[in-house]
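Could you have a look at this structure, given as structure tokens, before my questions?
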Amino acid sequence: MKAFRIIGRSFRDAFKSVFRNFSLSMASILCATITLMVVSVSFLIAANVKDATKSLESELSIVVYLEQDASESDANFLQSTIKKLNNVEKVEYKSKDEWKQEMSQYNESFGTIFEKYETNPLLDSFTVTVKDANSLNTVAEKIRDMDKVESANYGEDAVSTILSVFDVVEKVTVIVVIALIFVTAFLITNTIKLTIYSRRNEIEIMRLVGGSNAAIKLPFVIEGFVIGLLGSLIPIIVTIYGYIIAYGKLNGHLITDLIPLLSPYNLVFYVSLIIAGLGAVIGMLGSLLAVRKYLKI
Amino acid sequence: MKFIELKNVNKTYSTGVTALADLSVEIEKGEFVFVIGHTASGKSTFIKMLYREEKPTKGSVIVGGVNVAKLRNGKIYKLRRKIGVVFQDFKLLPKLTVYENVAFALECLGLKASEIRPKVLKAIEIVGLKEKVRSFPHQLSGGEQQRVCIARAIVNEPKLLICDEPTGNLDPETSKEIMSVIENINKDLKTTVIMATHDKEIVNRMKKRVLLIEHGILTGDYMKGRYKSHESV
């Protein structure tokens, strides 16, 4: 009961003090608003970059041709061995007879050419999809070393350039987002520290009349929580409406169809949650750190 | 066992200044003791040690059976709840009313609102501020603010009331009133009172036990009424 009363009073005091120290609270809230806005935008960009690289990467695959004399059992054996390799997602088999049929249907002249051969001149093939585009090279090399494999190709040169660019872009966006989160935490914490500095007498008096450390911290921590949440309000609204409007105006892709944008509904929801969570947690931690300074003797 | 017992207390600040040197003293329950001395004589350090705002470098400070010197930071509030402290600069929360300032001390303890109300009103009545319950500190005179501070110090019925120059900012007439409030608390509630002061007039008039601290050393311990200001200070 006692704990509940203390918690209840902490909530009352926290709200009271947000409004009684309005100008200082406002400084903290605005600081949170601006920094969280930047974080939100960089989150949206990072998510889209990640998705674009993923979707491009998933289209990269290795085409494997088997030797002319490979039997069906060879093909089966190879298919299962390739499947067991690390990072292999999918192995699609297409026999030379299927190729022949497909090509004949595509163009009659192929059919007449094929009739001149006694046996089927085409090769059996696998299309190998990998989980991680960076492993294309190693997987292809392993396949080349296998018996009865004629060739395994994936357009090495073009792919390696694209991949290294993607890699850099992805890493940079992650670093930028993390750095921004730290900057946000630092800025919000410092503004809250300033507001608490102006109230250090209050903390001193609380201590002198016998407030336990926890009872003194609680209202400040809740206040930080409220400030963080209030600060995340505008960034969340801007994220939701801004992204939905931008998505509509750009018809769902950036510049070309090759770079699709993520559909707004899930994304906007998650980013809003992250922004609210960040605001609340940073606000609380900032207050806690600031108050602790005045609780030591 | 004595209520308050200081044994061989030394205090050296990190700056190298020695505030107290080998100070030992005992105080009984219900006593009224003045602590006098010049500025920077160490009397403030002595007072602060009793409510653990300062820690001795050496020696033990026992208050109500607890060695305050060994109290951990997180447990200080337990000691503070048994002690009322009155300050020269009042230390009231400016944005709370008189009632809220006094109630604050009890809210920290997690008491029910229905328990807090009668205690607060009683404490405010003892210091004679019944009419100003809803005023804010800036609407009060210095003497009135000091009364609020006293009310807050005694609202939890502490065994010990520590006063650090409570009349330092007040005119002689108001000082007299404040002193009679404190004296009544000592008499009626049997609260032990320890008071640091500069005010010779008060010390001479009240004829209580006097501890004289000079350059960090306890140079005089005068029993009731033995102290006369011409001897020193």
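Since we're looking at a predicted model, the values are computed, not measured. Lettering follows sequence order; numbering is per chain, from 1.
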Expected contact set for residues 10-24 of chain B against chain A at heavy-atom separation under 4.5 Å reads none

For chain B, which of A:Asn213, A:Ile205, A:Asn201, A:Ile216 has the most heavy-atom pairs under 4.5 Å?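 Max contact count across the listed options: A:Ile205.
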
Filtered by a 4.5 Å non-hydrogen cutoff, the part of residues 111-128 of chain B contacting chain A is B:Leu111, B:Lys112, B:Ala113, B:Ile116

Is any side-chain heavy atom of B:Val68 less than 4.5 Å from a side-chain heavy atom of B:Met49?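 Sidechains of B:Met49 and B:Val68: no contact.
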
Quick check: do A:Pro235 and A:Thr33 have side-chain heavy atoms less than 4.5 Å from each other? yes

Whether B:Lys208 and B:Glu31 form a salt bridge (side-chain N of Lys/Arg under 4.0 Å from carboxylate O of Asp/Glu) is what I want to check.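 Here B:Glu31 does not pair with B:Lys208 in a salt bridge, since their nearest N and O are not under 4.0 Å apart.
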
For A:Tyr243, the option from A:Val271, A:Asn48, A:Val238 that meets side chain to side chain contact (heavy atoms under 4.5 Å, CB included):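 Single side chain to side chain contact (heavy atoms under 4.5 Å, CB included) partner of A:Tyr243 among A:Val271, A:Asn48, A:Val238: A:Asn48.
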
Looking at A:Tyr197, does the NZ or CZ of A:Arg200 lie under 6.0 angstrom from its six-membered ring centre and within 45 degrees of the ring axis? yes

Run the side-chain hydrogen bond (donor to acceptor under 3.5 Å, both in side chains) test on A:Thr239 and A:Ser40 for me, step by step, so that the C-alpha distance in whole Å, both residues' side-chain angles and the decisive distance to 0.1 Å come before the verdict. CA-CA 7 Å; A:Thr239 304; A:Ser40 164; 2.6 Å; yes

Can you tell me if OH on A:Tyr247 sees more than 12 non-hydrogen neighbours from other groups inside 6.0 Å? yes

Is B:Phe3 close to B:Leu160 at the side-chain level, that is, under 4.5 Å between some pair of heavy atoms? yes

What are the residues of residues 86-93 of chain B, in order of number, with any heavy atom under 4.5 angstrom from a heavy atom of chain A?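 Residues of residues 86-93 of chain B touching chain A at under 4.5 Å: B:Phe87, B:Lys91, B:Leu92, B:Leu93.
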
Identify whether the distance between the nearest side-chain nitrogen and carboxylate oxygen of B:Glu53 and B:Arg80 falls below 4.0 Å.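 So B:Glu53 pairs with B:Arg80 through a salt bridge.
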
Would B:Glu157 and B:Lys82 pass as an ion pair if we require N to O under 4.0 Å? no

Run the salt bridge (charged side-chain N to carboxylate O under 4.0 Å, His left out) test against A:Lys171 and tell me which residues pass, sequence neighbours left out. A:Asp167

Carboxylate-amine/guanidinium contact B:Glu177 B:Arg147, below 4.0 Å: yes

A:Lys16 with A:Glu223: basic N within carboxylate O range, under 4.0 Å: no

